[in-house]
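When a ligand or atom number is given, it counts from 1 through the structure's own listing order. All residue numbers in this chain count up from 1 along the given sequence.
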Amino acid sequence: MSKTFDLGILCGKFLAMKDHSTNVSENIFMGIKNGQIAYVGGENKKGDCAEFVDATGKLVMPGLVNAHAHLPMHLFRGLADDEPFDVWLWKNILPLEAKLLSPEFVRLGTELSLLEAISFGITSIYDMYYFEDEIADVCDKAGMRALLGENFSSFPAPDDKDQKGNDLKIIEKMLEKYGTTHERIRPMISPHAPYTCTDEKLKAARDLALKTGLHIGVHVSETKGEQETSFKEFKKSPVQRFHDLGLSDAPCLYAHCVHVSDEDIALMKQKNVRVSHNPEANMKLGAGAAPVPKMLKAGLKVGIGTDSVASNNDFNLWKEMDFAAKLAKLSNSDNTAMTANDALKLATSLGAQAMGFDTTGQLREGFLADFLILDIEKVYLKPVHSIPSLLVYSANGSEVESTYCQGRLLYNKGSFKTLDRDSIISRSEKYIKEKF
Ligand SMILES: [Zn+2]
């Protein structure tokens, strides 16, 4: 006879993030059926489980949400570090992409990036890149939850060199395969940035999004230079331009938003634009500090992203939470500007809402079972006064013992269940040696 639960976890400590609360309960049983959380409570229902995991002495919490990334760029880690932003982008990254990008490149880079993401407890990712259908396939097979934004720009992209609409074909292909309501894999339209898209291209993205129900993901107001150019060319900020063009009439996720004004934030709120905050990449590229406390106060849904490993240089969302809180404190000269509780929300419950994955990011009945088991018996996590404080300011990611996405085990104690670690690393090293 089939059991009530496919999987049951007895949790020593339990951080549900229910309704964004960071309260921690103890001795909680979580039962999972068909990838969904079917029971959360004090009664141990071990006998009703096909599989049972004893996590007494451990912490169980939601999987982390990486709200902005470029997965295949893992193959560029450490390249042209510390160059000025324009030199880094225009003289290094873009020419290399023009030379190397292929389905083989993006599949390999994505596999490499997912090893890191999964080992750091990331269960949802928003990606923006080229050959996005290939990236979607790798994410799907790896068991990840992902938003896949095909690059949609007005310059000859590596997967649309002649500008004949191959970007559109890739989006259509993904749409046909996954639709708009797939639980884990959701295609998206990603105009690269205000400075790489003409008004016509942005309007085409808007029309396509409104017609198909796809969401839009785009870089916005990352640098001061971008802001200045926009005022010079269009007499308005990028956010105002997107608003006036009707881009934000479609559901939008804006990445960066470093140089946004109070008026920009009000426009974004008006259209329910969601935001991905990328503190570490913004610091490393000298872009500045996004006014996240103001955005949160305005009621915007904000998540945290790593951006690409070429500009970060890792997928460690634990560090990203730490940086998010400290950068807000530093840039506002106010140590209450962002708390550990706020940072945790950005990386879990609120970040999931920013991604549009509304039934993830919280461990509660009816939600999808994306969760982590953490070993918190580390010397640097003692004593325990506050779990949120430990997770944001003291943890380093090595605490992640198990990563589950939709009830499926992806990673356990250093072992990957859906990806071949050794093969991916040796193929990446061979590729770098031969092609770079
Ligand atoms: Zn980016």
Side-chain angles (χ1 to χ4, degrees), residues 65-77 79-81 83 85-90 92-94 96-97 101 106 109-110 113 116-117 122 124-132 135 139 146-153 155 157-159 167 188-197 202 205 215-227 238-239 242 252-260 273-290 292 302-317 320 323-324 327 346 351 354-355:
V65 177
N66 186 351
H68 183 69
H70 309 280
L71 299 170
M73 293 180 82
H74 256 61
L75 295 173
F76 294 143
R77 182 173 357 229
L79 260 185
D81 275 346
E83 293 279 9
F85 177 79
D86 285 348
V87 176
W88 172 81
L89 183 65
W90 297 99
N92 290 278
I93 299 297
L94 292 178
L96 260 176
E97 285 182 336
L101 284 205
V106 302
T110 302
S113 66
E116 185 177 351
I122 292 169
S124 294
I125 288 187
Y126 162 49
D127 182 68
M128 174 202 284
Y129 213 55
Y130 313 100
F131 301 106
E132 202 66 44
I135 300 171
C139 288
L147 287 178
L148 290 314
E150 167 66 15
N151 188 294
F152 198 69
S153 311
F155 67 89
D159 58 355
D167 48 0
M188 212 173 176
I189 309 163
S190 281
H192 174 259
Y195 56 92
T196 46
C197 292
L202 293 167
H215 292 202
I216 287 175
V218 56
H219 294 115
V220 187
S221 298
E222 180 174 1
T223 64
K224 209 170 165 205
E226 175 193 331
Q227 195 79 352
V239 168
F242 285 2
C252 280
L253 174 60
Y254 287 179
H256 298 302
C257 300
V258 174
H259 298 277
V260 289
V273 168
R274 295 156 282 132
V275 175
S276 162
H277 175 41
N278 300 263
E280 200 175 350
N282 294 153
M283 287 161 69
K284 182 161 178 274
L285 296 176
V292 177
V302 183
I304 307 186
T306 53
D307 212 341
S308 84
V309 154
S311 56
N312 185 308
N313 294 4
D314 58 53
F315 262 17
N316 189 336
L317 223 62
E320 212 69 43
F323 280 128
L327 182 60
L346 262 61
M355 295 264 283

Measure from the Zn ion (ligand 1) to each N, O or S atom of D307 and report whether any distance is below 2.8 Å. yes
Is the closest side-chain heavy-atom distance between D314 and R77 below 4.5 Å? yes
Determine whether W88 and S311 make a side-chain contact, defined as any pair of heavy atoms from C-beta on separated by less than 4.5 Å. yes
Are side-chain N/O atoms of S190 and Y126 paired as donor and acceptor at under 3.5 Å? yes
H70 atom (N/O/S) at minimal separation from the Zn ion (ligand 1): NE2
Side-chain donor-acceptor contact under 3.5 Å, E320 with N66: no
Mind checking whether the Zn ion (ligand 1) has an N, O or S of H256 under 2.8 Å? no
